[in-house]
Amino acid sequence: MTGKTEQFDTIVIGAGFSGIYMLYKLREQGLKCRLFEAGEGPGGAWYWNRYPGARCDSESYFYCFSFSPEVLQEWTWSERFPAQPEIEQYLNFVTDRLDLRRDMTFNARVTSAVYDEAAKRWNVETNAGDKVSARYVVTAIGGLTSTATNLPNIPGIEDFKGQFLHTGHWPKEGVDLIGKRVGVIGTGSTGIQAVPVIAETAGDLTVFQRTPAYIMPAKNAPLSEEQTAAYKANYDAIWAKAKAHRGGQPYDPPAHDFDETGPEKARELYEESWEEGGLRVVQVFKDVYTNRASGEFVENFFREKVRSIVKDPEAAAILEPKGYPIGAKRIALDSRYYETFNLPHVHVVDVKANPITRISENGIVVGDKEYPLDIIVSATGFDAVTGPFRAMNIIGKGGVSLAQRLEDGPRAYLGMAFAHFPNLLAISGPCNPALSTNVPVSIEHDVEWIADAIAYCEAEGITAFEPEEAAEDDWVEGTQKMAEGSLFDQADSWQYGSNVPGKPRRFLLWLGGLTEFRKRCADVAQAGYKGFSQSR
Ligand code: N01
């Protein structure tokens, strides 16, 4: 394509869950589309996050597309919580099953999208030399992406003579860890998944922990033929339930009230739920996040579990979750995380009590002690939600830069559209609930809403469709109001942008729940796309 400007109706950026479905929907609507993807194949976050132990925290039977009955019946998950290679295979399967590959360009990272006001078209360029033009651009770039990995601001990283890796950009050819002295910085969802698997081959493993997470056992297991058959037979009911749930999960709401239940029965219920595993462990009581007595009970239950698993009391004391209420940071799932610290070659260092001073040629220095290492794994997360947009040069009407608009915090109307950027739509953009939910269900909502909005513009002859500044302001203010006084307000987290030095403390996600979000987006559409300026 190099050298000439090919014309499209829509450019889709990214081939993860969102880009795959968006391309399918728009092509079904008869639009000429091209999708650009930086990776060598489909997968998105599941292409880049191929670190050891990468696995989904949602159960496979509902961490998938619901829109295609054929795909639901033809694809079979092997495990309760699918590992990265299987999710990548699934996304390749869907791509081929829907014959999408012919409209996808891989190894092409979009570097800029510039709006031509006179022509009412977007000019898009990639690092592979593509130059194309389209009437619409849809970003399907996710909020936790390879373009926005967050490196720790520790002096001396460039001095390290060994291998320095970020989990979100793990080499496709793999990394030889056998017998190596490995250091892992970061104990969020990613570090917790990586540590047990790295420990299987590393000669020595040191985990540098700043904040201990609340962690529940995944109790992952292969899915039996009977389980698979039951899911496949019940998908209509499963999706109806998931779509009616504020988190997009096909779960019943928690039934118990802590004060009415009492501590003895509460322990029994938590023990049962601990054995069952999965993210539901914490959802036994409906008031766990609102009644401090209920929250403290489960926090203590978790700490007891750590002490009962980790044999070294000093290590257990470091690993016990503390310092913030449960739910104020994302809860993680583990497979043998705590057990790993019983291995003689695995150690944990509390870098909250004694911060990392610097990285030296040979390893990590804490106070005046140097930990010699061959490999440092940075499991330090992402410049979430706004970072991926800021990494691209997106220029709207009047030369307005999206990166600059997002400098002071997240902005978008309905978490999907930006004032001053006509016909630019974002799946799971800033101020969107997706990353606080079961993501594929949120993504399907956004894709369908965007596809309908584009169909509306096409039918009505609308050539420039963008939010009014006031509508965007209201949405942004509403997003911040919901977070104020919420549990998230009581800790530092990526959701608040506080993991990235200098990033303003503004909440990045819309916390009103998926059901309410669906309703608000539907109301906007039904009112003739209220809050959008529409010119012909
Ligand atoms: O990143 P994080 P993540 N010195 O930001 C620590 C999704 N996900 O990649 O808490 C020392 O949560 C930091 O410490 P602290 C999921 O949405 C999904 O783990 O800031 N430590 C923290 O421990 C998740 O929430 C799945 O004190 C430093 C860690 O690094 C999101 O991705 C699987 C440091 C970063 O934790 C991000 O998770 C995995 C420093 N200078 C991830 N800087 C699924 O199941 C940072 N840290 C789908």
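The shown structure was predicted, so the numbers you read here are calculated from the model rather than taken from an experiment. First listed ligand is number 1; within each ligand, the first listed atom is number 1. Index from 1, following the sequence.
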Point to revise | Lys352, portion touching ligand 1 at heavy-atom distance under 4.0 Å | key: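 Neither; nothing of Lys352 gets under 4.0 Å from ligand 1.
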Review point. Ligand 1 versus Tyr324, non-hydrogen atoms closer than 4.0 Å: side chain, backbone, both, neither?
Key: neither
Within the 4.0 Å heavy-atom shell around [X], which atoms of ligand 1 are there?
X	result
Pro152	40 (C), 41 (N)
Lys329	10 (O), 15 (P)
Trp46	48 (C)
Leu144	7 (C), 17 (O), 31 (C), 32 (O)
Thr380	28 (C), 30 (O), 34 (C), 35 (C), 43 (N), 46 (C), 47 (N)
Cys56	45 (O)

Distance to 0.1 Å, residue and atom name: give those for the protein heavy atom nearest to [atom].
atom	answer
atom 37 (C) of ligand 1	Trp494 NE1, 3.7 Å
atom 43 (N) of ligand 1	Arg210 NH2, 3.5 Å
atom 17 (O) of ligand 1	Arg330 NE, 3.2 Å
atom 36 (O) of ligand 1	Gly188 CA, 3.6 Å

Point to revise | Any side-chain donor near an acceptor of the partner, Tyr21 and Glu448, under 3.5 Å | key: yes
Does ligand 1 come near enough to [X] that some N or O of the ligand is less than 3.5 Å from an N or O of the residue?
X	result
Thr190	yes
Thr187	yes
Ser189	yes
Tyr51	no

Review point. Is there side-chain contact between Trp75 and Cys64, with at least one heavy-atom pair below 4.5 Å?
Key: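 No. Closest side-chain heavy atoms not under 4.5 Å.
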Exercise for review: Go through Tyr214 and Tyr324 one step at a time and tell me if the ring pair (Phe, Tyr, Trp, His ring centres under 6.0 Å) criterion holds.
Suggested key: CA-CA 10 Å; Tyr214 288 94; Tyr324 62 97; 5.3 Å; yes
Check your understanding: Aromatic rings Trp274 and Phe302: how do their planes relate, parallel, tilted or perpendicular, breaks at 30° and 60°?
Key -> perpendicular
Review point. According to the interplanar angle, ranging from 0 to 90°, do the rings of Phe164 and Phe160 count as parallel (below 30°), tilted (30 to 60°) or perpendicular (above 60°)?
Key: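 Rings of Phe164 and Phe160: perpendicular, as their planes differ by over 60°.
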Review point. Is Glu158 atom CD crowded by more than 12 heavy atoms from other residues, nucleotides or ligands, each under 6.0 Å away?
Key: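 Counting other residues, nucleotides and ligands, CD of Glu158 exceeds 12 neighbours.
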Study note, to complete from the structure: In terms of its nearest heavy atom to atom 29 (C) of ligand 1, the top option of Ala379, Ala332, Pro501 is Ala379
